[in-house]
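Each remark here refers to the structure printed beneath this line.
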Amino acid sequence: LGRLCRDEGADAVTLRPRTGRQQCSGRADWGAIAALKRPLAIPVVGDGDVACPEDALALQRQTGCDAVMIGRASLTNPWIFRQVAGLMAGRAYKEPSLAERHTLMLAHFGEVIRREDESTALHKLRRFPGWYTHGLPEGRQLRCRLSELQSADDVLDAVEEYFATRGAA
């Protein structure tokens, strides 16, 4: 199929090596990416099981793929792209600071409130903290608190309070 894509003019191909039955469970078959890459001169993008920056490097090294696609990991760590870029450049990466997490949450939540009606905004603001509080000190307590609030403004206030008490506001 990769050769067919190339012959039909594709500039690159991406492989997500999971079966439909697997969906997001089990392990992605990185060997299938390597097998696709071997006969192709066009770029091959590998995908699957990249949960941290080190996984992106491992995928590239093990398969020879030209690029790595990152999906679900970016939901809980939107900084993963800069972290991977740092590793690929031979630099250590840093975890996002509390101030960076605070800035991201406020910007995203503010955008949701500006674009959505109150009910939809509140629903989304209850869902996103599961992503953004991953790895935060007392993140579980913050998630529980946010899930109980009755207005989008209350959610923003609670986020501000959380970060203010940790010196990141």
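The first residue of the sequence shown is numbered 1, and numbering continues consecutively from there.
Here the side chain of Thr165 pairs a donor or acceptor atom with the backbone of Tyr162 at under 3.5 angstrom. Looking only at distances, no side-chain donor or acceptor of Asp49 sits under 3.5 Å from a matching main-chain atom of Arg27. Between the side chain of Ser74 and the backbone N or O of Gly71, at least one donor-acceptor pair lies under 3.5 Å. Not one N or O on the side chain of Asn77 forms a donor-acceptor pair closer than 3.5 Å with the backbone of Ala73. Although no hydrogens or angles enter the test, the distance criterion places no donor-acceptor pair under 3.5 Å between the side chain of Asp29 and the main chain of Pro17. For Gln62 (side chain) and Trp30 (main-chain N/O), no donor-acceptor pair under 3.5 Å exists by modelled atom type. Side-chain N or O atoms of Trp79 include none that pairs as donor or acceptor with a backbone N or O of Glu100 at under 3.5 Å.
Annotation: side chain of Met105 is not in contact with side chain of Phe128 (no heavy-atom distance under 4.5 Å). With contacts defined as side-chain heavy-atom distances shorter than 4.5 Å, the pair Tyr93/Glu54 qualifies. Within the 4.5 Å cutoff, the side chain of Ile42 has heavy atoms near those of the Val13 side chain. With contacts defined as side-chain heavy-atom distances shorter than 4.5 Å, the pair Leu106/Glu160 qualifies. Counting heavy atoms from C-beta on, the side chains of Arg82 and Pro53 never come closer than 4.5 Å. The shortest distance between side-chain heavy atoms of Lys94 and Gln83 does not fall below 4.5 Å. Contact of the Leu136 side chain with the Leu98 side chain is registered, since non-hydrogen atoms from C-beta on lie closer than 4.5 Å. Residues Ile70 and Val84 have side chains in contact (heavy-atom distance under 4.5 Å, counting atoms from C-beta outward).
More than 12 heavy atoms of other residues, nucleotides or ligands lie within 6.0 Å of CZ in Arg127, so this atom counts as buried by the packing criterion. The number of heavy-atom neighbours closer than 6.0 Å to CG of Asp117, taken from other residues, nucleotides and ligands shown, is above 12.
In this structure, Leu57 is a member of the same hydrophobic cluster as Val68, with clusters built from ILVMFWY side-chain heavy atoms closer than 4.5 Å. Linking ILVMFWY residues whenever their side-chain heavy atoms come closer than 4.5 Å, directly or via other members, leaves Val50 and Leu75 in distinct clusters. Transitive grouping of hydrophobic side chains (ILVMFWY, heavy atoms separated by less than 4.5 Å) keeps Leu104 and Phe81 in distinct clusters. One hydrophobic cluster, built from ILVMFWY side chains closer than 4.5 Å, holds both Leu40 and Leu59.
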* **Derivation of the side chain to side chain donor-acceptor pair (under 3.5 Å) call for Thr133 and Arg143** => CA-CA 7 Å; Thr133 59; Arg143 285 190 300 276; 2.7 Å; yes
* Applying side-chain contact (heavy atoms from CB on, under 4.5 Å), run through Leu125 and Leu146 and close with a yes or a no. => CA-CA 8 Å; Leu125 297 183; Leu146 297 181; over 6 Å; no
* To do: Start with the C-alpha distance between Leu156 and Ile113, add both sets of side-chain angles, then the distance that settles side-chain contact (heavy atoms from CB on, under 4.5 Å), and finish with yes or no.
  => CA-CA 10 Å; Leu156 281 180; Ile113 290 169; 3.2 Å; yes
* To do: Please test Lys124 against Glu111 for salt bridge (Lys or Arg N to Asp or Glu O under 4.0 Å), starting from the C-alpha separation and ending with a verdict.
  => CA-CA 11 Å; Lys124 288 183 176 183; Glu111 191 65 25; over 6 Å; no
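Side-chain N/O atoms of Glu116 and His123 include no donor and acceptor closer than 3.5 Å.
Residues that satisfy the side-chain contact (heavy atoms from CB on, under 4.5 Å) test with Ala12, not counting sequence neighbours, are Pro43.
Interatomic distance, Arg6 CZ to Glu8 CD, rounded to the nearest 0.5 Å: 11.0 Å. The SG atom of Cys144 sits 11.5 Å away from atom CG of Leu149, with the distance rounded to the nearest 0.5 Å. One distance of note links CG of Leu87 with SG of Cys52; it measures 9.0 Å at 0.5 Å rounding.
Among all heavy-atom pairs drawn from Arg38 and Ala35, the shortest one is NH2-CA, 3.4 Å. Across every non-hydrogen atom of Pro39 and Arg3, the tightest pair is CB-NH1, 3.3 Å. Of all the heavy atoms in Glu118 and Ala152, the pair that sits closest is OE2-N, 2.8 Å. Residues His102 and Val159 approach most closely at CD2-CG1, 4.4 Å, considering heavy atoms.
Salt bridge status for Asp66 with Lys37: present, with a side-chain N to carboxylate O gap under 4.0 Å. Using a cutoff of 4.0 Å between basic side-chain nitrogens and carboxylate oxygens, Arg126 and Glu148 are not scored as salt-bridged.
Ring pair His108/Tyr132 is perpendicular by interplanar angle, where above 60° counts as perpendicular and below 30° as parallel.
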